[in-house]
2 protein chains.
Amino acid sequence: MITTWKFALLLLSLGFCQGRLRENYIDEFEEDVKVFAEPSKYGSLWPLPQKVQISQDSFRLSSSSFKIVDAKQSSAGASCSLLQDAYRRYFEYMFGIGKRQQQLNKGKRGVPSEVTELQVWITSPDTECDGYPSVSSDESYELTVAQPYAVLKAPKVWGALHGLETFTQLVYEDQYGAKSINSTSINDFPRFAHRGILLDTSRHFLPIKVILANLEVMAWNKINVFHWHIVDDPSFPYLSRTFPQLSLKGAFQPYTHVYTPADVKMVIEFARLRGIRVVPEFDTPGHTQSWGKGQPDLLTPCYSGSKPSGTFGPVNPILNTTYDFMAQFFKEVSTVFPDAYVHLGGDEVDFSCWKSNPDIQKFMEQQGFGQDYKKLESFYIQRLLDIVTTTSKGYMIWQEVFDNGVKLKPDTVVHVWIGSGSNEEMSRVTEAGFTTILSAPWYLDYISYGQDWQRYYKLKPDTLIHVWKGNQEQYQNEMAKVTSSGYKTLLSTPWYLNRISYGQDWRGHYKADPQDFTGTEAQKKLVIGGEACLWGEYVDATNLTPRLWPRASAVAERLWSAKDVTDINDAYNRLSAHRCRMVDRGIPAEPLFYGFCPHEYKGI
Amino acid sequence: MITTWKFALLLLSLGFCQGRLRENYIDEFEEDVKVFAEPSKYGSLWPLPQKVQISQDSFRLSSSSFKIVDAKQSSAGASCSLLQDAYRRYFEYMFGIGKRQQQLNKGKRGVPSEVTELQVWITSPDTECDGYPSVSSDESYELTVAQPYAVLKAPKVWGALHGLETFTQLVYEDQYGAKSINSTSINDFPRFAHRGILLDTSRHFLPIKVILANLEVMAWNKINVFHWHIVDDPSFPYLSRTFPQLSLKGAFQPYTHVYTPADVKMVIEFARLRGIRVVPEFDTPGHTQSWGKGQPDLLTPCYSGSKPSGTFGPVNPILNTTYDFMAQFFKEVSTVFPDAYVHLGGDEVDFSCWKSNPDIQKFMEQQGFGQDYKKLESFYIQRLLDIVTTTSKGYMIWQEVFDNGVKLKPDTVVHVWIGSGSNEEMSRVTEAGFTTILSAPWYLDYISYGQDWQRYYKLKPDTLIHVWKGNQEQYQNEMAKVTSSGYKTLLSTPWYLNRISYGQDWRGHYKADPQDFTGTEAQKKLVIGGEACLWGEYVDATNLTPRLWPRASAVAERLWSAKDVTDINDAYNRLSAHRCRMVDRGIPAEPLFYGFCPHEYKGI
């Protein structure tokens with residue numbers, strides 16, 4: 001019944017608006033929408049595959065007989081440890097550790113209702129088993145769940161990894177707790193090639209185990225890029241072999257709060273085994289305070305009048321030593337990080353220090369830059385890009401570099417992050433022929449919990465009070481109260497239906513689409529994906545994981561699934577189940593809304 | 001230098017405003033303010049004691065010789081297991097487990113620079129060791145740290161518990177990691193008697209171990225009331241002996257997601273041992289959907305036209321069976337929970353269901369209530385209060401009950417929670433002679449992270465764009481960009497200095513004061529404290545603890561320390577250290593801002 005459903009949606013929206021208050025629509029909720037996610041016809045699949053057919057035929061899976069094996073025809077075999085590791089990992093997700101029970105009746109093995117094998121068939125002669133994933137990796141796969149064998153076909157190992165995740169997402173427990181799976185046919189591939197998460201290890205150091213745990217979760221969400229914002233103003237935890245003093249002086253703590261070459265290697269390999277690229281960011285010329293501690297003369301001395309103030313600004317762009325340093329440093333970076341791209345930053349350069357420095361002023365004059373410090377910034381970036389080009393790496397840069405007219409290689413990826421005007425920026429960047437990724441709507445460090453502005457500020461007599469919450473009676477009462485107190489009032493409550501729900505900002509993240517800008521089909525094709533960013537000001541090991549998940553999962557589906565997968569209610573149902581699965585696998589993914597999981601989090 | 005310091009403050013404020021963006025003031029930060037908290041002259045004391053003198057004389061503490069003992073003159077002895085347990089607990093906080101090392105040179109014991117004993121001296125003949133804390137408990141203590149003995153004097157065990165916490169907060173590690181403490185003299189007592197935290201176990205079930213862990217942290221913060229919002233619309237996890245069907249039908253899961261009598265007893269005893277009262281809330285007549293599942297006819301049947309719609313509203317106030325049930329139920333509650341108070345709720349009653357019900361309409365007519373459903377609500381509450389009075393309990397109620405003119409006992413505590421007009425409400429409540437507690441500014445489920453409104457909404461051509469962030473160059477650039485795009489603009493950036501910092505909402509919580517309303521001294525005295533509320537829509541075991549701490553700590557200091565303890569920078573320094581101490585003790589308390597702790601969190 002369309003009408004009822006619309007009504008339900010309306011209540012849902014209202015109810016979530018109510019999220020700031022303790023909501024009191026539970027009766028309608030319970031009856032019509034079920035805050036407890038209803039089963040989706042797609043079960044708990046997340047992100048939703050491109051093509052999926054699930055039938056009603058159900059099979060069993062037994063921990064004592066089920067196997068994940070290489071298909072006979074597969075071009076990958078026992079020597080492909082990437083796959084062998086993945087088989088073990090996914091077996092454990094399905095059946096846990098040490099639960100492999102003796103079967104009482106061996107004769108029962110292979111009874112018609114049981115799926116006993118998942119055969120993994122790599123179809124391409126070059127499996128890429130020992131390679132690194134890249135922006136052009138084939139991540140597609142086909143999965144057929146039938147009796148007695150399920151078959152997972154993929155050209156490369158990357159698709160097989162995704163297919164294994166999808167297979168385990170199809171497994172559910174029946175009412176007796178028996179592992180079950182339905183006859184299913186899936187044909188899947190990503191909508192975008194670049195599906196990333198930025199973590200910031202400069203504002204707070206993240207222990208390796210926290211990074212690894214989150215790489216694991218990225219794989220569950222088919223995220224394939226870990227954008228490692230490894231250094232920044234507050235600290236320099238990257239231990240450079242060439243310039244060890246950078247972390248010795250610039251890390252929060254030079255022994256415990258650094259990433260050694262061995263650590264970095266481990267992160268890269270752990271990620272590779274899960275089909276995840278590691279793209280490091282070494283942001284210059286701004287955001288480099290911590291670099292200056294271990295590398296004298298790298299940063300610009302700021303002046304107070306005619307004398308150095310003792311503080312430092314961005315990288316000093318007028319010294320040759322700067323470029324010598326960068327050449328050596330990025331040569332090392334290019335060997336340590338195997339990915340074809342390095343992110344060079346280039347955002348938020350503050351010109352005040354450059355302006356204060358008489359040597360810089362002189363240089364500006366010599367170069368004929370006038371007072372346009374953007375030209376100086378571009379001068380620096382241009383030379384840096386030339387340096388990095390000699391290392392045979394491609395580069396990603398924040399949008400300012402493009403905005404300032406720096407000459408970029410055709411394969412440059414422009415990273416759009418500024419919230420205001422991001423659609424227009426995407427148009428401009430792609431019109432100029434550059435590939436681009438979007439992060440503007442996906443700054444996960446912003447949390448949209450309802451803050452009642454009335455709460456914090458004293459009101460002047462002429463204040464106009466905007467009434468926005470409550471049911472009809474409540475907002476009418478509120479308006480009566482407001483006017484009887486002598487204030488003017490304005491009503492919005494009944495018209496909040498399209499507004500992003502407070503405390504459920506995954507909905508806003510989910511609705512954003514990187515191709516929602518004005519441009520040609522060719523321009524749209526230049527959008528290769530996006531990244532969710534979790535900057536580190538307010539997160540460390542104590543709270544990073546629940547703040548990232550399941551909020552980043554919304555971005556993951558937007559970047560993987562078909563453009564028309566936009567049913568927010570189906571998404572709520574599947575994401576609730578997906579979140580519970582993450583919890584079941586041991587990760588403190590936070591709740592979407594009230595309710596519970598079949599297997600709750602066991603930590604504190 | 002006053003000028004420099006002011007300048008620093010200005011930058012700090014600006015910098016925190018910048019929190020939404022990646023801030024780029026690090027140079028000034030680093031030089032002038034230190035984002036890494038500077039040592040306060042009060043060390044890591046939190047909440048700050050009323051009177052404290054710390055000298056420069058430093059003593060050592062050795063795990064092999066240090067003891068916490070009953071003073072000879074103490075009226076408490078070995079039989080007071082509350083204190084004996086606390087001694088063990090606090091010894092472990094100071095020295096860890098299994099670290100009690102053999103001393104190489106026994107002759108060194110008691111050398112002049114060592115404090116070897118903390119003597120705990122209960123001065124009152126009635127120690128209250130086996131009693132329960134109450135709103136009138138004496139929580140004061142005096143602490144003298146000298147060589148070779150430190151002495152903690154307190155009239156009752158409650159003050160001794162606080163003093164033990166304070167003593168361990170004075171202990172620090174010197175550069176070699178040696179445990180040290182300075183000669184100190186402290187005279188301490190709370191500003192307010194009621195210092196609470198509300199946790200909601202209905203919207204998400206909280207495992208007992210999560211509750212216990214947070215009770216532990218409450219004690220570290222001298223919080224003395226656990227307001228247990230145990231049931232509500234979504235679920236009824238309280239296992240009632242008298243009405244077991246309430247949780248059998250109303251809990252999320254009747255076996256795993258309930259609090260058994262043994263659980264409740266354990267929570268109460270665990271809290272008692274830490275000087276914490278457990279005040280349960282059984283909120284009626286609204287917020288009772290989950291009650292209706294196990295108690296037929298308790299809730300009002302809603303009507304759609306002339307027929308019952310199948311949904312239910314608040315408690316049915318017109319049936320005698322309702323009051324019979326409540327009498328039995330609250331009789332049980334009064335025996336299960338030893339505290340002198342029970343919280344009866346009474347908030348957010350939605351009248352629409354009552355209005356729809358013809359029996360209710362008839363009753364309204366008979367009673368002469370006209371269309372004023374507040375009168376019906378009051379009718380119900382009045383009878384409920386009479387019932388609860390017969391159990392010899394005092395009651396707390398949400399402010400609506402007072403607003404609606406229900407006749408209240410003189411010892412009723414009115415709980416003010418509505419953000420708008422809370423100061424005026426405090427005036428009215430105290431003018432009427434009632435004691436009150438404040439929660440309005442302390443709804444910790446609201447998070448004020450910067451949400452860039454420009455990010456989410458498409459702009460109409462006549463939009464006025466309000467520029468609020470960035471340094472001077474940035475906001476000027478932004479304004480140029482805005483105007484060149486044809487929009488009107490408005491500037492606020494330089495004038496945000498007094499605004500609560502994004503992502504640092506503890507600052508807002510810290511600034512609120514329950515006595516900041518217009519009223520006489522006598523009225524002010526009726527304010528007995530406040531509560532931080534963490535409603536459960538978006539928190540469960542995965543994220544509750546880091547969301548609660550250290551944000552609730554800000555409230556804890558406001559309610560304990562002297563009114564004039566308002567130096568936000570000193571608070572930042574001490575709270576940063578206090579947060580690191582909570583992390584060191586194993587609790588995932590989230591960071592205030594970037595930086596690190598000497599002992600970081602070990603979990604994921």
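The chains referred to below are lettered A, B, ... by the order of the sequence lines, with proteins before strands, and numbering in each begins at 1.
B:Glu424 does not touch chain A: none of its heavy atoms, backbone or side chain, sits under 4.5 Å away. For A:Ala589, the part sitting under 4.5 Å from any heavy atom of chain B is the backbone (N, CA, C, O) and nothing else. Both the backbone and the side chain of B:Ala541 come within contact range of chain A, with heavy atoms under 4.5 Å apart.
The aromatic rings of B:Trp417 and B:Trp398 sit perpendicular to each other, their planes meeting at more than 60°, with 30° as the lower class boundary.
Interface check for chain A: of the options B:Thr542, B:Leu206, B:Val210, B:Val583, the most heavy-atom pairs under 4.5 Å are formed by B:Thr542. The greatest number of non-hydrogen atom pairs below 4.5 Å with chain A, out of B:Asp540, B:Leu299, B:Thr545, is found for B:Asp540.
Scored by the side chain to side chain contact (heavy atoms under 4.5 Å, CB included) test, B:Gln253 finds B:Tyr255, B:Thr256, B:His257 as partners (sequence neighbours excluded). With sequence neighbours excluded, the residues that form a salt bridge (charged side-chain N to carboxylate O under 4.0 Å, His left out) with A:Glu425 are A:Arg428.
The closest side-chain heavy-atom distance from A:Glu377 to A:Trp354 is below 4.5 Å. Using a 4.5 Å heavy-atom cutoff, the side chains of A:Tyr538 and B:Glu590 are not in contact.
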